[in-house]
Visitor: 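Structure incoming, see below.
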Amino acid sequence: MSHHFYDHQSIEEKWLSVWEKQKLFWSTEEQTITAKDQKEYLLFAFAYPSGTGLHVGHVESKTALDIYARFSRMNGKKVFFPVGWDAFGLPAENFAIKSGIPPAVTTKNAIDTFRRQIKRLAISYDWANEITTNHPGYYKWTQWIFLQFYKKGLAYRGIGMVNWCPNDQTVLANEQVVDGKCERCGTQVVQKELEQWYFKITAYTEELLSGLHQVDWPKPTKQQQENWIGKKEGINITYQVEGTQDLTVTCFTTRPETNFGATFIVLAPEHQFVKDILNKKTSLNADQKKQLKKIQAYVKQAAAKTELDRLSEGKKKTGVFTGFYAKNQLNNTLLPIWISDFVLAGFGTGAVVGVPAHDLRDFQFAKAFEIPIVRVISDGEDGLIEREDQVYEDHGKMINSEFLNGLDVLDATAKMIDHLEAKGWGKRVVSYKLRDWLISRQRYWGAPIPIVYDPEGKPHPVKEEHLPWMLPTDVDFKPTGESPLKSSKEFFERTEQLYGKGWTPECDTMDTFVDSSWYFLRYVDSRNPKEFARKDQLNKLLPVDLYLIGPEHIVLHLLYARFFTKFLRDEGYLKFDEPFMKMRHQGMILGPDGKKMSKSKGNVINPDEIIEKYGADTLRIYEMFMGPLEADKPWDPGSVIGIYRFLQRIYALIQSQPATQQSEPGLQKKLHQTLQKVTQDIPQLKFNTAIAALMIMVNTWEETVKKAKRGLSAEDTNIFVKMIAPFAPFFAEEIYHSMFVGDNSEHFTSIHQTEWPVFDPRLTQEDQVTVVIQVNGKVRGQIKVASDQISDRERVLVAAKEEESIIKWITDQHIAKEIYVPGKVINFVLA
RNA sequence: GGCUCGGUGGCGGAAUGGUAGACGCACAACACUUAAAAUGUUGCGUCCUCUGGACAUGAGGGUUCGAGUCCCUCCCGGGCCACCA
């Protein structure tokens with residue numbers, strides 16, 4: 001059998017170099033898509049070129065989209081399938097700090113490795129439009145977009161908090177803070193205020209929410225976007241501060257009906273009222289003065305805490321009394337005003353009215369400071385609430401609430417809101433969780449923010465003719481407590497030279513999420529030096545038809561990219577509202593132990609080794625066969641061999657089957673049924689079942705050759721090879737050229753440029769179908785029915801009753817009901 | 001705690017409310033071989049009184065002629081977010 005051995009090593013290398021020479025699937029001017037073409041823009045999540053190279057997880061998602069792309073092309077669509085690198089970012093910079101090798105160098109090497117590995121996998125990318133975010137030709141336009149935001153007032157400067165390591169004198173990213181301590185030196189991380197740049201994404205909040213109805217995305221993804229935006233409808237209730245003329249505190253609540261149970265008010269430490277007390281803008285009585293020191297200490301302590309600190313303290317409530325009381329005008333009770341860091345300054349009004357009987361956090365706070373607890377909702381029990389498990393946050397009947405008594409919670413809420421608004425004590429409001437986007441990073445390896453400051457320190461945009469505003473190279477990567485760009489002499493000299501003496505550059509760089517918020521736009525006109533992309537190209541190719549992206553950047557990246565799209569639409573560049581019409585997620589490939597692959601666990605599978613041993617085609621098909629694309633699946637080292645055998649068997653079969661003019665009829669039928677199944681499965685990304693169908697076909701093919709000494713005609717064999725081409729591009733190309741076109745043809749035609757075969761509906765239908773016979777819902781037998789007779793109910797039922805295996809179950813029994821689902825099942829229900 | 005996805009043989013997984021376990025791996029026996037690998041053939045959910053039958057899709061209820069699939073209650077696991085008033 002050795003002459004039928006498929007030598008994957010030499011064959012894959014051979015076609016790799018042929019395709020490379022042909023620049024197969026690289027877009028060129030002639031190929032540019034015209035309006036009448038049916039375009040398909042396939043987008044794969046922007047990849048960070050990590051130094052460790054491609055891993056098997058990349059292989060899965062890239063292969064899936066590649067199969068889809070190849071299938072679409074064979075079906076006559078103009079496929080746009082670009083590739084690029086999200087190359088700015090922390091890992092390269094951290095490596096530079098350790099090694100001294102500039103990020104530009106390590107990044108280039110990493111990209112070269114990735115490119116080589118991806119090509120080796122036969123991913124049919126359009127390499128003509130390859131982009132990388134660290135290239136000045138790219139970040140010129142990232143900066144240009146920043147300036148458009150700036151012009152419209154959507155890029156602004158404000159105070160922001162950063163994680164700060166007092167020992168290393170450096171800003172830390174959230175992931176560099178471990179248990180509230182610096183990842184490198186273990187020092188307690190503190191919060192520090194810095195003046196930083198923001199994008200006003202909140203200007204688009206409502207549209208970011210409503211736009212989700214237009215797109216075909218997995219439901220959980222939409223849900224998470226909605227949660228992140230966090231729209232809440234509620235009411236702001238304003239309380240008079242007792243003993244003052246005009247002071248008030250306004251609290252946001254979604255549960256105003258519980259207000260008869262309010263026993264205190266809590267302010268965030270950053271609340272304006274707190275600042276006013278400390279700055280003595282408010283006159284204080286003797287008791288209040290006594291509190292002053294404690295308040296000062298508490299606010300200071302809260303400011304020093306990181307978010308992680310607050311988290312790790314869990315549900316233990318801390319706080320301090322202000323000495324002030326607010327009046328609940330509903331029942332004229334006085335509510336003590338407290339300060340606590342469990343209240344977030346950024347949400348609602350930064351002040352909360354405490355209803356300890358019906359909110360767990362309020363309860364914990366009330367318990368900690370011995371504040372009264374008043375029940376206003378009955379859950380069947382009307383008694384005192386003394387333990388956490390008695391706190392009742394659900395619906396029930398109102399009690400102890402005067403005009404609300406007896407009402408259901410929902411009715412009570414409506415009535416209370418109307419009442420508060422009528423009295424002028426409250427106002428309906430909508431509140432969102434979504435904050436503006438802080439884009440400043442005190443980092444080197446990113447696009448410089450194109451802003452310069454005049455000698456008075458006032459910001460000015462970098463002039464467009466000075467873009468790209470180049471990232472300097474004469475910098476010290478070692479952390480000094482300041483943005484690395486501050487160490488660049490060239491950067492400062494350049495600024496003075498272009499803008500005048502005493503002018504200084506902005507030394508922060510942009511969040512890498514900015515780079516990846518518009519890359520799918522640049523792809524369509526990637527070398528354009530005059531615009532970020534030509535308008536006609538943008539509106540012809542976009543929006544993206546299918547976006548395949550891991551579930552890990554479901555929230556931020558998508559939100560930011562949608563925000564950019566809507567802004568550029570409003571600026572007149574784009575004619576669509578949503579960038580990604582259809583989106584799907586790939587699952588994670590886990591290690592053989594069922595755990596996430598990681599170096600430290602030693603469960604990492606290296607794709608290069610698999611390719612060497614079994615070939616790229618085997619690797620591709622194995623990963624597609626593992627299970628549904630969206631599921632997390634463990635790698636099974638033993639199972640790869642099954643795919644290898646599958647390809648070897650096909651190869652041997654095609655070589656050894658007897659040459660015939662006509663295919664064996666039953667086998668031909670199977671071929672068309674398989675074609676139908678594969679044609680339906682690929683667009684649905686159901687690759688695992690498509691491959692199973694191909695395997696069944698091969699099994700039948702082998703049996704047929706063995707029994708009937710006949711196989712498929714050359715024409716039908718060609719259909720099969722085309723069918724397997726998107727899955728195993730090397731393998732299919734080899735067979736196609738060695739058996740059907742020969743190597744001497746003048747113009748090279750790849751099998752991947754041929755047309756997808758069409759199944760014959762007459763051949764996909766069976767002559768006979770099996771109808772299952774049940775008695776009382778249990779399977780007792782089956783009959784074959786000719787396909788053209790399946791709708792003849794009486795005839796089928798009579799045949800079923802005469803079926804030998806059925807007779808004994810129904811003899812002397814009264815059949816009360818006869819169910820017949822045509823072509824499927826019969827059920828005799830006995831009385 | 002919130003949202004969300006899932007639980008089917010030894011393993012990965014199939015299954016528009018209609019024969020549960022397709023397809024692949026692993027395993028076992030046999031053939032070929034001096035032997036091994038490779039390849040081929042057969043078997044492979046559990047149990048029983050075994051040419052048949054009973055039980056089986058995390059547990060328990062329900063709807064239905066019929067439930068892995070739909071509904072309710074609960075248990076377990078994964079993911080994301082997390083003191084959001």
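Every chain is numbered from 1 and lettered A, B, ... according to where its sequence line falls, protein lines coming before strand lines.
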Visitor: Check every strand shown and say whether A:Gln224 touches a base, only sugar-phosphate, or nothing at a heavy-atom separation below 4.0 Å.
Guide: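 A:Gln224: backbone/sugar contact only, no base atoms under 4.0 Å.
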
Visitor: Determine whether a donor-acceptor pair (N or O, by modelled atom type, separation under 3.5 Å) exists between the side chain of A:Gln684 and the backbone of A:Gln680.
Guide: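 Pair found, side chain donor or acceptor close to backbone of A:Gln680.
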
Visitor: Between B:C30 and B:G13, how far apart are the two C1' atoms, rounded to whole Å?
Guide: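 One C1' to the other, the span is 29 Å.
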
Visitor: Is there a donor and acceptor pair, one atom on the side chain of A:Lys824 and one on the base of B:U16, closer than 3.5 Å?
Guide: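 Result: at least one qualifying N/O pair found.
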
Visitor: When you check the phosphate oxygens OP1 and OP2 of B:C81, does a side-chain N or O of A:Lys433 lie under 4.0 Å from one of them?
Guide: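 A:Lys433 to B:C81 OP1/OP2: no side-chain N or O under 4.0 Å.
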
Visitor: May I have the distance from A:Leu647 (atom CG) to B:U39 (atom P), rounded to whole angstrom?
Guide: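 Answer to the nearest Å: 13 Å.
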
Visitor: Can you give each donor-acceptor pair under 3.5 Å made by side-chain atoms of residues 344-352 of chain A, sequence neighbours left out, with the distance rounded to 0.1 Å?
Guide:
unit_1: A:Thr349; atom_1: OG1; unit_2: A:Thr250; atom_2: O; d: 2.7
unit_1: A:Thr349; atom_1: OG1; unit_2: A:Phe252; atom_2: N; d: 3.4
unit_1: A:Thr349; atom_1: OG1; unit_2: A:Ala351; atom_2: N; d: 3.4
unit_1: A:Thr349; atom_1: OG1; unit_2: A:Ala351; atom_2: O; d: 3.3

Visitor: What's the base orientation of B:G9: syn (chi within 90° of 0) or anti?
Guide: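 It is syn.
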
Visitor: Counting just side-chain N and O atoms, does A:Arg780 come under 4.0 Å of either OP1 or OP2 of B:G66?
Guide: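 Checking A:Arg780 against B:G66: no side-chain N or O falls below 4.0 Å of OP1 or OP2.
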
Visitor: Answer yes or no: is there an ion pair linking A:Glu803 with A:Lys801, defined by an N-O contact shorter than 4.0 Å?
Guide: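 Answer for the salt bridge query: no.
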
Visitor: At under 4.0 Å between heavy atoms, how does the protein contact nucleotides 22-33 of chain B? Give one character per nucleotide, 5' to 3', with B, S or -.
Guide: BBSSS-------

Visitor: So what does the secondary structure string of RNA chain B come out as, 5' to 3', with Watson-Crick or wobble pairs under 3.5 angstrom, [ ] for crossing and | for pairs with another strand?
Guide: (((((((..(((.....[....))).(((((.......))))).((((...))))..(((((..]....))))))))))))....

